[in-house]
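Scroll down for the structure; my scribbles are underneath it.
A note on names: the letters A, B, ... follow the listed sequences, proteins ahead of strands, and every chain is numbered from 1. Quantities reported herein were computed from a predicted structural model and do not represent experimental measurements.
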There are 2 protein chains.
Amino acid sequence: MIYLAQHEGEGPQPLKNIAELGMPDQYLEQLLGNLRRAGLVTTVRGAQGGYQLSRSAEEITARHIIEAMEGPLNLSECVGEEGHTCPRGGQCTARGVWAYLTDEINGLLDSITLSNMLKNDIKGDM
Amino acid sequence: MIYLAQHEGEGPQPLKNIAELGMPDQYLEQLLGNLRRAGLVTTVRGAQGGYQLSRSAEEITARHIIEAMEGPLNLSECVGEEGHTCPRGGQCTARGVWAYLTDEINGLLDSITLSNMLKNDIKGDM
DNA sequence: TCTAATTCCGACTAAATTTATCGGATTTCG
DNA sequence: CGAAATCCGATAAATTTAGTCGGAATTAGA
């Protein structure tokens with residue numbers, strides 16, 4: 001995604017370009033499929049085709065990307081969707097912690113955009 | 001750990017008590033070994049033996065527990081220890097994000113104690 | 001219209017990690 | 001001594017992640 005952001009406006013980038021650094025391209029293709037289905041990249045098929053961001057780098061967050069790749073953050077079965085059939089009846093003391101951490105981390109991920117990553121201006125400078 | 005905190009001061013709790021809820025006890029034993037080696041629980045061997053917290057529930061954080069079980073939070077090879085041999089020479093744009101997230105999440109984990117969990121007073125109430 | 005470039009797709013395989021099991025050795029209370 | 005426990009290393013099973021394969025569909029350009 002950073003690669004695509006760096007080449008924003010240059011037309012669709014073929015897999016081979018993106019895979020440059022030793023990542024197997026058939027695998028990358030699979031991963032890009034997730035990003036496409038999540039609506040983060042658009043593709044052009046056929047010769048001169050390739051992948052590009054579907055919207056501006058400012059409008060794509062770390063959370064968008066991570067959720068596209070791995071689904072919603074799931075630190076524990078306990079939190080998240082209902083049908084979790086926890087043996088403890090869903091009322092154990094740990095649950096609140098997981099819920100809290102999930103919210104906080106999602107908040108962090110929401111606050112980071114692709115554009116931030118490019119410019120290296122992540123809050124707190126590190 | 002929550003179980004042990006709930007039984008603080010009642011003497012060592014044997015595995016079987018802790019495993020109560022359907023968790024295989026031989027596996028739990030293995031996990032408790034990690035907590036012991038990390039210094040979070042102390043054990044008494046032999047009859048009437050068992051596990052107990054090595055210090056007060058206020059002094060044990062979520063981070064202590066998670067690091068005992070899984071080692072230091074490692075969101076990406078890029079950050080953390082030096083010898084990571086990243087093909088990009090260790091200078092890619094994503095690195096700052098991982099470093100930032102690692103710090104922030106560690107901070108969150110530092111701020112939650114076992115005692116907080118028991119009382120369900122996690123900051124931000126959820 | 002043909003060809004080369006390229007994405008798309010489902011199924012499969014391989015590697016790594018996590019979860020669990022086994023069999024005993026050791027310790028300690030009563 | 002005997003029963004109740006933890007300790008330990010090895011192995012096995014299950015799950016997840018990473019990667020491979022073979023081909024079908026699409027499209028630009030000659």
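- Minimum interatomic distance between B/L108 and A/Y100 (heavy atoms only, all atoms of both residues): CD2-OH, 3.8 Å.
- Atom-to-atom distance recorded for B/I60:CD1 and B/L53:CG is 4.5 Å, nearest 0.5 angstrom.
- With respect to B/R55 and B/E59, no salt bridge is recorded, no charged nitrogen being found less than 4.0 Å from a carboxylate O.
- Following rounding to the nearest Å, B/N74 (CG) and C/dA16 (P) show an atom-to-atom distance of 16 Å.
- Rounded to whole Å, atom C1' of C/dT18 lies 13 Å from atom CD of A/E77.
- Regarding A/L31, its CG atom lies at a distance of 10 Å from the C1' atom of D/dT17, rounded to whole Å.
- Heavy-atom nearest nucleotides on DNA chain C were determined for A/Q48 and for A/Q30, and the one closer to the 5' end corresponds to A/Q48.
- Under 3.5 Å, the side chain of B/E29 and the base of D/dC8 form at least one donor-acceptor pair of N or O atoms.
- Whole-Å rounding puts the A/Q26 CD to D/dT17 P distance at 21 Å.
- Dashed line: the shortest gap from a side-chain N or O of A/R36 to OP1 or OP2 of C/dT7 is not under 4.0 Å.
- The side chain of B/T43 contributes an N or O atom lying less than 4.0 Å from OP1 or OP2 of D/dC7.
- The side chain of A/A47 sits closest to D/dT27 out of D/dC7, D/dT27, C/dT7.
- Per the geometry, CG belonging to B/L32 stands 15 Å off C1' belonging to C/dT19, to the nearest Å.
- Smallest separation of non-hydrogen atoms from B/T113 and B/A57: CB-O, 3.7 Å.
- In this structure, the CG atom of B/L28 is 13 Å from the P atom of C/dT19, given to the nearest Å.
- Nucleic acid contact for A/L15: sugar-phosphate only, since backbone atoms but no base atoms lie under 4.0 Å from a heavy atom of the residue.
- As a whole-Å value, the separation of B/R37 CZ from D/dG9 C1' is 11 Å.
- Within 4.0 Å (heavy atoms only), A/G50 reaches sugar-phosphate atoms of the nucleic acid but no base atom.
- Neither A/L28 nor A/V44 shares a network with the other; the hydrophobic side chains, linked directly or stepwise wherever heavy atoms of I, L, V, M, F, W or Y lie under 4.5 Å apart, form separate groups for each.
- For A/G46 and A/Y27, each mapped to the nucleotide of DNA chain D holding its nearest heavy atom, the one lying further toward the 5' end belongs to A/Y27.
- When rounded to the nearest whole Å, the span between CZ of B/R45 and P of D/dC7 equals 6 Å.
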